[in-house]
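All heavy atoms count here, side chains included; hydrogens, waters and symmetry mates do not.
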Amino acid sequence: MSWASPNIFWSLFYEDPETEVNWWIIKMVAVSVFFIIVAVTTVKPTAILRSIVFFTAAKLIACVIIIVAGIVSLAKGNTENLALGFNGTNTDPRDWSEAFNAIIFSYGGWEQICTIASEMRNPQRDVPIVIGSS
């Protein structure tokens with residue numbers, strides 16, 4: 001199983017990490033999250049701006065927790081994984097650029113939705129129309 005696989009997320013819910021998840025379940029979760037974001041944007045546009053702050057803080061807290069746990073693990077002498085280094089890492093520049101493009105594209109879209117919603121006179125009506133027509 002590769003680290004880019006969506007099954008990594010689902011392995012949190014299954015005892016066997018190699019369990020394959022139905023393709024439709026993954027797509028339905030993605031569509032559900034999309035509709036939740038559209039609903040929140042429609043009902044209260046300022047909630048999206050607050051959610052951006054919340055998720056940014058959550059990501060920073062998660063990064064700090066991971067860094068502290070790594071330092072504690074290294075301090076205890078767990079260095080056997082350092083010998084492996086980056087074995088198995090994909091070094092093809094095309095794959096790296098494709099990954100960066102996907103990240104930048106999704107972030108740019110999220111930022112543009114918030115900017116557009118703050119500029120509209122009636123965002124409850126206009127944002128779903130803009131998202132649906134794009």
Can you name the closest pair of heavy atoms from Thr42 and Val38 and give their distance?
OG1-O, 2.7 Å
Assigning hydrophobic clusters by single linkage (Ile, Leu, Val, Met, Phe, Trp, Tyr; side-chain heavy-atom cutoff under 4.5 Å), is Ile103 placed with Phe55?
no
Sidechain-backbone polar pair: Thr56 side chain, Ile52 backbone, donor-acceptor under 3.5 Å
yes
Identified side chain to side chain contact (heavy atoms under 4.5 Å, CB included) partner of Val64 from the options Ile67, Val68, Ile66:
Val68
Out of curiosity, does Val33 fall in the hydrophobic cluster containing Met28 (side-chain heavy atoms, cut-off under 4.5 Å, transitive links)?
no
